[in-house]
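Reminder, nothing fancy here: chain letters follow the sequence lines and each chain counts from 1.
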Amino acid sequence: VSKRKARDQQTSILLLLPLGVWLLCFAVIPLAYGFWLSFFDARMVNLSNPAWVGLNNYITIFKSYQFRFSLFWSLRFAIISVSIEMVLGMLIVQLFRKNFWGRNLAITLFMLPMVISPVLMGTMFRLLFDQAIGPLSYLLSGLTGTTAILGMNWINSTIITADTINMTPMVFLNVYTASNGVSGDLTEAAKVDGANAWQTLIYVIYPVIMPILLITFLERILAGFLMFSLVFALTGGGPGIFTQSASIFIWNTAFASGDFGVANAASYILALLLLFPALYLVRRMMRTIL
Amino acid sequence: MIMKKMVLLIVLALMLSSCAQPLTAAPTNPTSVAQSTTVPAAATTAPIAATTGPSKCTAANMYTTKIVYTPGPEGDAMTKVVDYFNTTYSQKVCVTAELEFFGRDQLFTKQEAIMAAGTDQVDAWFITSRSLGKYGKFLDPIEPYLNDTTVNTWGGTKDHFIKSSTDGLTNLDGKLVGIPMDISANFLIYRKDFMDKLLSDPTWQATYKKISLAQMGKDMTPKDPDQWTWDDFLATSYFFTKKYNPDSPTEYGNYTAGKVMPADAYLWSNVYYDYGGSWFDNNGNPTFDNQAFRDALQIWKTMFTNGLTPPGSANGEYPETSAAITAGQVAMSVDWNAAYNDLNASTSAVSGKLAVVAPPAGPAGRFVHNHTMALALNVNSTHKAETMRFMTWLFTDEASKLYAENGGIPPVASVLTGMSDAHPDYKWMSDYVAAYGKSPAPYAGIIELMVSQYLAQGYTGQLSIDDTAKQLQAAAVAEMAKYK
């Protein structure tokens, strides 16, 4: 038995080896290198021989108004956009719970924005929301009172709208799949006990799928907090730093200013901030799966 | 058992070797190679007959030089130039050229990463005049090769190019490090039909006077755009904005591109230069906390706060500017030269209705911001002389003309002027840059994003003008200190 166990172990190692090496090359080593760089004045011109600055990069980041502003912007964006996406996603699931002609086509069409990359979405919205030639800005002007929805007064709402269109289908997909997994016996029983559709939803279905709702919410919050592509394509973080997310701040610091030391320090601070919700998310996911 | 262990070890070794390969290719220290700037002996001992005598090229002395270039119109033009050179001259100078296109998006970031690795796999970099300070360590001065007749067998000199373009590629130490390939400059593009009416219609002129007096406190009369100061630009912007003139044919006076990006900061720089400002002093120190900065920023701020530009232009750039002009939403814009051809194309809604002059003047004079895309010699190249046998050919009329005929804009006055029938904008480019051209300082690229961020905070009112000047000055000085 022990010989077989040893053979199994060897096979397991052999099978895991490619993934292990891949992770070592493309995750562990870059992460360690980034952490190491965060203690150096590391720029393109001295990347082969960066100068040790200790904790200076971290102090720079803590003192940076731009970084604090970006963190706050990201947090506010994540909370507002994800809350809207969760509510919309959960409501839209209810529309599709009943069979009607063309339902599958409608679901497919509704899911389309999710498969478009956020950077492409941002570029498309730049055209659609353009003040001079954008059809959406023209159509929405009935509600907004202006076609200038990429201007200072509307830009935050515009970004949230764009993200909502892009990511609500993701919430919908999770909630729809989870809802369909709820046993018919439970809903039948609720109906027998006199519960109406709303009560069945609130007191039966949502409690059962709560782990999925929570995971979806947390995953979206984390993704929203790390938002980059959509905002970068739409505004580049501007006007000024008005829509600069934490990720755009880090990108600008690393690739526009070429300051890899400070950018890595900012990345690790951001990672620490997100570590606890991420760990909680992983734990809940593992519990749900197991 | 032993077999299994061996298999396991082999797999492990293969995995680690594939992983370790890029890591073991340790970057060479650019500084150690940078010290060698003299022409290699091989270049001087192996004279090449470019235009006379039989070819002496053999497989052994033939070299393919690898040159980074940008895809797009510039890359298309350069491909034709390189193809022509390879067909016509490669066997005479024993060099063929090969272009490496890195993709337009983030080209410079990709290139920087390879530069930083100290590669010798690329012989020439694609740079811009404003990025010399950033990349200086990786670039080799080219004049030693240009002055060496065994390398430069074509006889070209740096005077071949418009002075402003070579000035922009000269480091603070006076060394030319780039070969100007493609120039971009800022124009004032305006609706000629509207301006003609403004200059001839007494009713419009009376309204213009009234509005300028009410909004600017100045009794102004319309002038030919070629005679404008920034006050005329402002007054005309008020006149063509519906909010101030309900009879205006356009909704807004002008389009002021305000997105956070270096290109938009350089558009503003025209005003800054005109008021006597400059991003850097002669010693390379940032200079933003001054009256010229405040005056120039006030003009841009007026555009946004008084609604002379569409509110969405705070996040607009080149394509949005063109869209606004094409849609007839604005009457004019300080824009990049490339816009004119697209806007004036026969399919454009404003075809034939546009005209171009240099941007307006200010108290310190009239300047046209321009910068140049260029080729520069990789300091780590092991075949510099061979590469320069090709690159010195780019200092000839033949190469520049070929480049222009295929869609590029070489900063060569004779070539640009000679093509004015097909491309009137080429002649304007040549004339305006020669008369008013001002290139950014070689270190501008280091702080250009920072400048655009602070400027945008200033002109959109997130920061006061005074705070913008002070904060930008402090930030730019701190940033530049890290590069010295």
*Of all the heavy-atom pairs spanning A:A148 and B:G312, show the shortest one and how long it is.*
CB-N, 4.0 Å
*Tell me, for B:Y252 versus chain A, whether the close heavy atoms (under 4.5 Å) come from the side chain, the backbone, both or neither.*
side chain
*Select one option (side chain, backbone, both, neither) describing which atoms of A:N153 are under 4.5 Å from chain B's heavy atoms.*
neither
*Using a cut-off of under 4.5 Å on heavy-atom pairs, state which of A:Q66, A:Q244, A:M152 scores highest against chain B.*
A:M152
*For B:P262, is it the side chain, the backbone, both or neither that has a heavy atom under 4.5 Å from a heavy atom of chain A?*
neither
*Start with the C-alpha distance between A:R43 and B:E112, add both sets of side-chain angles, then the distance that settles side chain to side chain contact (heavy atoms under 4.5 Å, CB included), and finish with yes or no.*
CA-CA 10 Å; A:R43 290 155 187 279; B:E112 275 182 39; over 6 Å; no
*Which answer fits A:I241, side chain, backbone, both or neither, if we ask what part of it has an atom under 4.5 Å from a heavy atom of chain B?*
both
*Distance-only donor-acceptor check, side chains A:Q131 and B:Y255, under 3.5 Å*: no
*Are there residues of residues 320-331 of chain B that reach to under 4.5 Å of chain A by heavy atoms, and which ones?*
B:E320, B:A323, B:A324, B:A327, B:Q329
*Between B:M261, B:E317, B:M450, which residue shows the highest count of heavy-atom pairs closer than 4.5 Å to chain A?*
B:E317
*Would you mind checking if B:K482 and A:D41 are paired as a salt bridge, meaning a charged N to carboxylate O distance below 4.0 Å?*
no
*Quick check: are there more than 12 heavy atoms from other residues, nucleotides or ligands sitting under 6.0 Å from OH of A:Y138?*
no
*Kindly determine whether B:L449 and A:N252 satisfy side chain to side chain contact (heavy atoms under 4.5 Å, CB included), including the steps that lead there.*
CA-CA 8 Å; B:L449 181 79; A:N252 281 340; 3.5 Å; yes
*asked:* Just so I understand: if I count every heavy-atom pair under 4.5 Å between each of A:L150, A:T235, A:I133 and chain B, which residue has the most?
replied: A:T235
*Under a 4.5 Å heavy-atom cut-off, does chain B meet the side chain of A:F242, its backbone, both or neither?*
both
_Minimum-distance pair of heavy atoms, taken over all atoms of B:K259 and A:G236_ = CE-N, 3.8 Å
*CD of B:E448 to OG of A:S257: how many Å apart, nearest 0.5 Å?*
9.5 Å
_Interface residue of largest heavy-atom contact number with chain A, from B:E251, B:E479, B:Q457, B:Q462, under 4.5 Å_ = B:Q462
*Considering only heavy atoms, which portion of A:I155 lies under 4.5 Å from any heavy atom of chain B: side chain, backbone, both, or neither?*
side chain
_Where B:V260 and A:G240 come nearest, the two heavy atoms and their spacing_ = CG2-O, 3.0 Å
